[in-house]
Amino acid sequence: MSITPPPRVASEAWSDARLLYALEEVVEAELNRHLKVAKEWMPHEYVPWSDGRNFDGVMGGEAWAPEQSKVSDIGRIALVVNLLTEDNLPSYHHEIASLFGRDGAWGTWVHRWTAEEGRHGIVMRDYLLTSRAVDPVELERFRMAHMSEGFESDNRHSMLHSVAYVAFQELATRISHRNTGHHSGDPVCDRMLARIATDENLHMVFYRNLLGKAFELAPDQTMSAVRDVVVNFRMPGHGMPGFERAAARMAIGGIYNMRIHHDDVLQPVLRFLKVLEISGLGPEGLKAQEELGLFMNGLDDQATKFDERQAAILARRAARKAG
């Protein structure tokens, strides 16, 4: 039996429980659409198993050395960051299961999303170890340190903030994986990450469409949530060891930086939902919309300055190599 959403009410009346109920039918429709377009794929098919050999240790194999890796320096950095981000899936599952629940369409989506995300960590780790792309000892120590800290979302206080966050974050993850593949220097790695990026894009579409419906139901409240999320956005891997240094190198290397964040993550979602064009908002929503517009303009200016710094750094590197 379908659930008829309650009539639109003032934004302050929308509690998390009421929004969960109102969006249940939309979640069911988006879940059915997702299951129709999502293609089954096997992680083991993307791993070059014939390249594998024993490491040192109990198997008495060969110790890892940087020259064994087929991927670029920036590729190794980004692959570790991306995999450690995927590794925290148990914490992510706990967060969204606590917010969205384990029953009905919401619960079905939570478990389906977790199952699909699980493949990403499986295939990335198998690829990295089989191809000797990164130091396995360092990778495991990073994993232990990162997962021992756990993960707490900046948006765990609000279901609506969480939906807004993942609408952008899933796209950010897709972009990061795709650019890592492009810059890896290994066609096998590029193909694997392209497959992962396809999943991430479908996840983004699910949450983006859900966010669009939230704008119809509670426009002021949703606008405020989007403003908060965009202004305070952080990638989920921000707590991992050495993240700031790795993020800085990934920014210069063209994996993920301020320009990419503005042009390829924030703008596409905001444009698709016409967030800055929504009319009929109350005072709270109008204030949030104006602040969001001002922030995006400021971010664009900051991205332009970053572009100039990046170009100068890359020019100096090229000059040193030529000399």
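All heavy atoms count here, side chains included; hydrogens, waters and symmetry mates do not.
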Ring centers of Tyr165, Phe233 separated by less than 6.0 Å |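 Yes - the distance between ring centres of Tyr165 and Phe233 falls below the 6.0 Å cut-off.
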Is the centre of the Trp113 ring less than 6.0 Å from the centre of the Phe206 ring?
->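 Not close enough - the centres of the two rings lie 6.0 Å or further apart.
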Within-4.5 Å side-chain heavy-atom neighbours: [X] and [Y]:
{"X": "Lys70", "Y": "Val188", "result": "no"}
{"X": "Leu23", "Y": "Leu217", "result": "yes"}
{"X": "Met250", "Y": "Ser176", "result": "yes"}
{"X": "Leu202", "Y": "His34", "result": "yes"}
{"X": "Val134", "Y": "Ser69", "result": "no"}
{"X": "Leu193", "Y": "Leu79", "result": "yes"}
{"X": "Val265", "Y": "Val269", "result": "no"}
{"X": "Tyr92", "Y": "Glu117", "result": "no"}

To the closest 0.5 Å, what do you measure between [atom1] ([X]) and [atom2] ([Y])?
{"X": "Gln68", "Y": "Ser131", "atom1": "CD", "atom2": "OG", "value": "10.5 Å"}
{"X": "Asp16", "Y": "Leu99", "atom1": "CG", "atom2": "CG", "value": "7.0 Å"}
{"X": "Glu216", "Y": "Leu211", "atom1": "CD", "atom2": "CG", "value": "11.0 Å"}
{"X": "Gln310", "Y": "Asn257", "atom1": "CD", "atom2": "CG", "value": "5.5 Å"}
{"X": "Met235", "Y": "Gln169", "atom1": "CE", "atom2": "CD", "value": "6.5 Å"}
{"X": "Leu160", "Y": "Ser15", "atom1": "CG", "atom2": "OG", "value": "11.0 Å"}

Is there a donor-acceptor contact under 3.5 Å from the side chain of [X] to the main chain of [Y]?
{"X": "Ser72", "Y": "His183", "result": "yes"}
{"X": "Trp106", "Y": "Leu20", "result": "yes"}
{"X": "Glu24", "Y": "Ala105", "result": "yes"}
{"X": "Ser162", "Y": "Asn155", "result": "yes"}
{"X": "Asn201", "Y": "Ala197", "result": "no"}
{"X": "Trp14", "Y": "Ala214", "result": "no"}

Examine [X] and [Y] and state if one hydrophobic cluster contains both, with Ile, Leu, Val, Met, Phe, Trp and Tyr joined whenever side-chain heavy atoms are less than 4.5 Å apart.
{"X": "Phe142", "Y": "Met147", "answer": "no"}
{"X": "Val230", "Y": "Leu294", "answer": "no"}
{"X": "Met258", "Y": "Val229", "answer": "yes"}
{"X": "Met192", "Y": "Ile122", "answer": "no"}
{"X": "Ile278", "Y": "Val226", "answer": "yes"}

Does NZ or CZ of Arg195 fall inside the cone over Tyr46's six-membered ring, less than 6.0 Å from its centre and within 45° of the axis?
-> no
So does [X] have more than 12 non-hydrogen atoms from other groups sitting under 6.0 Å from [atom1]?
{"X": "Arg249", "atom1": "CZ", "value": "no"}
{"X": "Glu149", "atom1": "CD", "value": "no"}
{"X": "Asp103", "atom1": "CG", "value": "no"}
{"X": "His93", "atom1": "NE2", "value": "yes"}

With Val275 as reference, evaluate Gln289, Met223, Met296 under the side chain to side chain contact (heavy atoms under 4.5 Å, CB included) test and give the passing residue.
->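 For Val275, the side chain to side chain contact (heavy atoms under 4.5 Å, CB included) test succeeds with only one of Gln289, Met223, Met296, which is Met223.
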Looking at [Y] and [X], is any side-chain nitrogen of the basic one under 4.0 Å from a carboxylate oxygen of the acidic one?
{"X": "Glu291", "Y": "Lys287", "result": "yes"}
{"X": "Lys305", "Y": "Glu308", "result": "no"}
{"X": "Arg141", "Y": "Glu138", "result": "no"}
{"X": "Asp87", "Y": "Arg125", "result": "yes"}

Of His120, Arg174, His177, which is the lone residue that meets side-chain hydrogen bond (donor to acceptor under 3.5 Å, both in side chains) with Asp199?
-> His120
Out of His261, Gln267, Arg259, which one pairs with Asp263 under the side-chain hydrogen bond (donor to acceptor under 3.5 Å, both in side chains) rule?
-> Arg259
Take His111 and Thr114, measure what side-chain contact (heavy atoms from CB on, under 4.5 Å) needs, and give me the verdict at the end.
-> CA-CA 5 Å; His111 295 301; Thr114 302; 5.5 Å; no
Please check if any side-chain donor atom of His146 sits under 3.5 Å from a side-chain acceptor atom of Asn88, or the reverse.
->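 Present: a donor and an acceptor within the cut-off.
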Which is it for Arg227 and Phe295 under the side-chain contact (heavy atoms from CB on, under 4.5 Å) test, yes or no, and what are the steps along the way?
-> CA-CA 9 Å; Arg227 176 212 44 208; Phe295 176 82; over 6 Å; no
May I have the step-by-step check of side-chain contact (heavy atoms from CB on, under 4.5 Å) for Arg132 and Phe55, ending in yes or no?
-> CA-CA 9 Å; Arg132 292 182 173 242; Phe55 286 99; 3.6 Å; yes
Checking side-chain contact (heavy atoms from CB on, under 4.5 Å) for the pair Asp264/Tyr256: CA distance, chi angles, key distance, verdict?
-> CA-CA 10 Å; Asp264 300 335; Tyr256 198 92; over 6 Å; no
